[in-house]
Amino acid sequence: MTIKSLSLGILFLSVGCLFFSKDALSQPRRLINFTEISGLIQGSSTIAGDATVNGFRARTGVTKLLNENFGIGFALGTDNYRKSGGGNYNTLPITINASYYVDPNLSGLKLDAYGGYAVKLFNNLNKGLTAGAGISYSIPVNPGLNLGLQTGYNYQKIDFPFNFQLLENFDVGTIRLGLALTFK
């Protein structure tokens, strides 16, 4: 092997690497990060005494696009529910999410659904099934960031352990209104 043939091989290898790296960089990002903050307005509950429940919700998660419109991911968050007349209920939900983006550029209309479980960390932290679905509309702020408005339905089951002072287990259905950031 001569120096000339070696340098010619390196040149072809370099051009090939540049060609393939250009294609790799032009591919759309396959992972999407999102963060949302929402108010929870009571729709229905099984709490005795006609008490209303409102709350606050925060989520952050990752979605993997399976094609240009559909993605599946997971999220971690916190929900805080306040009952009229006293009572504060905090949950730490871990959910599996499915999202459908009408526009393959990930802006505009998006439909989502999620389900999971709010785990119990401490004696005063409640646990139970959580699920919901929603619709959002996002606009691009820059090429890698969207800002969105969202609404939807949020279900939470509040279960207490047997040794807890309150024996009141209940279900809460709330309407979710919020803002979301999507990092694409």
Side-chain angles (χ1 to χ4, degrees), residues 22-45 52-84 88-121 125-158 170-184:
K22 178 186 171 279
D23 284 348
L25 291 174
S26 67
Q27 294 294 319
R29 186 168 173 185
R30 303 304 293 172
L31 281 178
I32 300 167
N33 302 331
F34 66 91
T35 300
E36 71 171 71
I37 298 173
S38 302
L40 300 172
I41 303 162
Q42 179 179 334
S44 63
S45 74
T52 60
V53 175
N54 293 310
F56 177 78
R57 162 187 159 129
R59 291 281 187 285
T60 189
V62 176
T63 299
K64 177 162 178 53
L65 290 175
L66 301 178
N67 62 32
E68 50 183 35
N69 298 91
F70 182 73
I72 294 181
F74 70 93
L76 178 65
T78 181
D79 291 351
N80 175 276
Y81 298 93
R82 291 187 180 266
K83 181 171 75 168
S84 64
N88 189 17
Y89 309 99
N90 297 302
T91 64
L92 185 70
I94 299 171
T95 60
I96 295 175
N97 310 313
S99 300
Y100 179 77
Y101 298 87
V102 174
D103 181 4
N105 293 324
L106 309 179
S107 60
L109 197 60
K110 176 183 96 168
L111 306 171
D112 66 86
Y114 58 91
Y117 195 77
V119 297
K120 178 179 184 272
L121 295 178
L125 185 67
N126 311 313
K127 59 187 171 75
L129 175 73
T130 187
I135 187 169
S136 67
Y137 189 85
S138 65
I139 56 171
V141 175
N142 65 39
L145 177 68
N146 284 359
L147 176 64
L149 296 172
Q150 60 183 351
T151 187
Y153 180 77
N154 190 61
Y155 168 82
Q156 179 67 56
K157 180 158 185 67
I158 305 286
F170 58 91
D171 301 336
V172 177
T174 54
I175 302 299
R176 156 179 71 132
L177 298 172
L179 295 173
L181 291 175
T182 304
F183 302 94
K184 50 185 182 166

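Along the sequence shown, the residues carry numbers beginning at 1.
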How long is the gap from OG1 on T95 to CG on L129, to the nearest 0.5 Å?
11.0 Å
Donor-acceptor pair, T130 side chain versus Y155 backbone, under 3.5 Å?
yes
State which residues pass side-chain contact (heavy atoms from CB on, under 4.5 Å) with L76; sequence neighbours excluded, sorted by chain then number.
L92, I94
Does the side chain of S107 pick up a donor-acceptor pair with the side chain of N105 at under 3.5 Å?
no
Mind checking side-chain contact (heavy atoms from CB on, under 4.5 Å) for N142 and listing every partner two or more places apart, or none if nothing turns up?
L145
According to the salt bridge (charged side-chain N to carboxylate O under 4.0 Å, His left out) rule, which pairs have a member within residues 92-117, sequence neighbours left out?
D112-R176
If you count every heavy atom of other residues, nucleotides or ligands that lies below 6.0 Å from I41 atom CD1, does the total exceed 12?
yes
Between N69 (side chain) and Y101 (backbone), is there a donor-acceptor pair under 3.5 Å?
yes
Nearest 0.5 Å, what's the CD1-CG distance between I158 and D171?
9.0 Å
Measuring from atom CG of L177 to atom OG of S38, what distance do you get when rounded to the nearest 0.5 angstrom?
7.5 Å
Taking all non-hydrogen atoms of both residues, which atom of S136 and which atom of Q150 are closest, and how far apart?
CB-CB, 3.5 Å
Roughly how far, to the nearest 0.5 Å, is the OG1 atom of T182 from the CD1 atom of I32?
7.5 Å
Closest heavy-atom contact between Q156 and G128?
NE2-O, 3.4 Å
Of all heavy-atom pairs between N146 and P140, which one has the smallest distance, and what is that distance?
OD1-CA, 3.2 Å
Spacing of OG1 belonging to T174 relative to CZ belonging to F56, to within rounding of 0.5 Å:
13.0 Å
So does F70 have more than 12 non-hydrogen atoms from other groups sitting under 6.0 Å from CZ?
yes
Report yes if the side chains of Y137 and V102 come closer than 4.5 Å at any heavy-atom pair, otherwise no.
no
Hey, what do you get for CZ (F34) to NZ (K184), rounding to the nearest 0.5 Å?
16.0 Å
Working note: L31 + T63, criterion side chain to side chain contact (heavy atoms under 4.5 Å, CB included); need CA distance, chi angles, decisive distance, verdict.
CA-CA 6 Å; L31 281 178; T63 299; over 6 Å; no
Donor-acceptor under 3.5 Å (R30 side chain, L65 main chain):
yes
Check whether any side-chain heavy atom of L147 lies under 4.5 Å from a side-chain heavy atom of L181, and answer yes or no.
yes
Sole residue of I37, L40, T78 in side chain to side chain contact (heavy atoms under 4.5 Å, CB included) with R57
L40
Over all heavy atoms of both residues, which pair between G173 and Y153 is shortest? Give the atoms and the distance, please.
CA-OH, 3.2 Å
Might you work through the side chain to side chain contact (heavy atoms under 4.5 Å, CB included) test for D79 and R59, ending with a clear yes or no?
CA-CA 9 Å; D79 291 351; R59 291 281 187 285; 2.8 Å; yes
Measure the shortest side-chain to side-chain distance between V62 and N33 over non-hydrogen atoms and say whether it is less than 4.5 angstrom.
yes
